[in-house]
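Quick note: residue numbers are just sequence positions, from 1.
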Amino acid sequence: MKTVIIFDHPYTLAASDNQPHFRSYSAALAKATINRLKEMNQEVDVIDLHADHFDPVMHQNDLSNWRKKQSINSQVDQYFERLSSADHLIFIFPIWWEVMPAMTKGFIDKVFSKNRLVSAHPRIVLPKNPTIKFFTVSGTPTILYRLKYGNPIEKALSRGTFKKLGLKKVHWYNFNAEDQSAAKREKALKTIGKYL
């Protein structure tokens, strides 16, 4: 089984070690996920968008290529090839202003372009029909995020993107690191296996 992790945080995965002024709970979550998957003998492929210097902006030429069903660029093509061989995809990112960061949005915009369709009946974009999981980190408590803000991540990514693309096995898990003690945050990392 192969899992591809798409990680989005400006500090990159290097910020997983809880160093002052260079730490990210998203990175710690990604590292714990990678370690647990390897313990489960799964092949793990990590796309670290900031470390890769991915350009999330859909430039004029990119959009023209997207509309013509042509390649946007070689990096995007390589990302899609990596996703195509995956049994599972895990997106890990912080929630900022109630939505995903620009890198994640740009990744989806560019990688899932019109020339990617595997089958039009039903519309499927990835041949292995992988399970897709979103591990997010937010300051807003999950219950408030669902009730007050209407759960924009699930609406935009689960229903508005992947289910439209024929990928039905989509799950979202949110971690409220800012609302928890250090001990609770550490415990959540140790029990990541239950979400995998």
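Partner Phe175 forms a ring pair (Phe, Tyr, Trp, His ring centres under 6.0 Å) with one of Tyr145, Phe93, Phe134, Tyr195 and no other, that one being Tyr195. The side-chain contact (heavy atoms from CB on, under 4.5 Å) test with Ile47 is passed by exactly one of Phe54, Tyr79, Phe91: Tyr79.
Using a 4.5 Å heavy-atom cutoff, the side chains of His50 and Met103 are in contact. Contact check for Asn129 versus Leu167: side-chain heavy atoms found under the 4.5 Å cut-off. At a threshold of 4.5 Å between non-hydrogen side-chain atoms, the residues Leu189 and Arg185 do not count as touching. Taking the side chain as every heavy atom from C-beta outward, Ser84 and Leu126 approach each other to under 4.5 Å. Looking at heavy atoms from C-beta onward, Leu157 lies in side-chain contact with Ile108 at the 4.5 angstrom threshold. Proximity of Thr33 to Leu196: side-chain heavy atoms (C-beta onward) are separated by under 4.5 Å at one or more points. Looking at heavy atoms from C-beta onward, Ile90 lies in side-chain contact with Leu37 at the 4.5 angstrom threshold. Counting heavy atoms from C-beta on, the side chains of Thr136 and Pro94 never come closer than 4.5 Å.
Within a 6.0 Å sphere centred on NZ of Lys105, heavy atoms belonging to other residues, nucleotides or ligands number 12 at most. More than 12 heavy atoms of other residues, nucleotides or ligands lie within 6.0 Å of NZ in Lys169, so this atom counts as buried by the packing criterion. Counted within 6.0 Å of CD on Glu39, heavy atoms from surrounding residues, nucleotides or ligands total more than 12; the atom is thus considered enclosed.
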For the pair Gln75 and His53, evaluate side chain to side chain contact (heavy atoms under 4.5 Å, CB included) and give the outcome as yes or no after the intermediate values.
CA-CA 10 Å; Gln75 183 185 44; His53 304 288; 5.9 Å; no
Before you tell me yes or no, could you show the steps for Ile95 and Thr140 under side chain to side chain contact (heavy atoms under 4.5 Å, CB included), namely the whole-Å CA-CA distance, both residues' side-chain angles and the distance that decides it to 0.1 Å?
CA-CA 9 Å; Ile95 293 177; Thr140 303; over 6 Å; no
Begin with the C-alpha distance, continue with both residues' side-chain angles, and end with the deciding distance and a verdict on side chain to side chain contact (heavy atoms under 4.5 Å, CB included) for His88 and Lys133.
CA-CA 8 Å; His88 308 284; Lys133 295 179 182 176; 5.7 Å; no
Could you walk me through whether Asn174 and Ile153 pass the side chain to side chain contact (heavy atoms under 4.5 Å, CB included) check?
CA-CA 10 Å; Asn174 189 48; Ile153 289 293; over 6 Å; no
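With rounding to the nearest 0.5 angstrom, the CZ atom of Phe80 is 10.5 Å from the OG atom of Ser85. To the nearest 0.5 Å, atoms NZ (Lys2) and CG (Leu83) are separated by 8.5 Å. For the atom pair Glu98 CD and Tyr149 OH, the distance stands at 5.0 Å (nearest 0.5 Å). Here the straight-line distance linking atom CE of Met58 with atom OG of Ser64 works out to 10.0 Å at 0.5 Å rounding. If you take CD1 on Ile6 and CG on Leu49, they are separated by 8.0 Å, rounding to the nearest 0.5 Å. To the nearest 0.5 Å, atoms CH2 (Trp96) and NE2 (His9) are separated by 5.5 Å.
Linking Ile, Leu, Val, Met, Phe, Trp and Tyr whenever their side-chain heavy atoms come within less than 4.5 Å leaves Met100 and Tyr25 in two separate clusters. Met1 and Phe135 are members of different hydrophobic clusters when ILVMFWY side chains are connected at heavy-atom separations under 4.5 Å. Neither Val170 nor Ile5 shares a network with the other; the hydrophobic side chains, linked directly or stepwise wherever heavy atoms of I, L, V, M, F, W or Y lie under 4.5 Å apart, form separate groups for each. Tyr11 and Ile92 fall into different hydrophobic clusters, where Ile, Leu, Val, Met, Phe, Trp and Tyr residues are linked whenever their side-chain heavy atoms come under 4.5 Å apart, directly or through other members. The hydrophobic cluster containing Ile132 does not contain Leu29, counting ILVMFWY residues as joined when their side-chain heavy atoms lie under 4.5 angstrom apart, directly or transitively.
For Pro152 against Val99, the heavy-atom pair with the smallest separation is CB-CG1, 4.4 Å. Between Asn65 and Ser71, the shortest heavy-atom contact is ND2-O, 3.2 Å. Among all heavy-atom pairs drawn from Thr161 and Ala156, the shortest one is OG1-O, 2.8 Å. Contact record, Val4 with Ala86: CG2-CB, 3.6 Å, taken as the closest heavy-atom pair. Contact record, Pro56 with Ala102: CB-O, 3.5 Å, taken as the closest heavy-atom pair.
Lys110 contributes a side-chain N or O that, together with a main-chain N or O of Val57, makes up a donor-acceptor pair within less than 3.5 Å. The closest donor-acceptor contact from the side chain of Ser158 to the backbone of Lys155 lies at 3.5 Å or more, if one exists at all. Checking side-chain atoms of Arg36 against main-chain N and O of Lys190 turns up no donor-acceptor pair under 3.5 Å. Side-chain N or O atoms of Asn176 include one that pairs as donor or acceptor with a backbone N or O of Thr142 at under 3.5 Å.
Between the side chains of Asp45 and Thr3, not a single donor N or O lies within less than 3.5 Å of an accepting N or O.
Using bins of under 30°, 30° to 60° and over 60° for the plane-to-plane angle, the ring pair Tyr173/His171 lands in the parallel bin.
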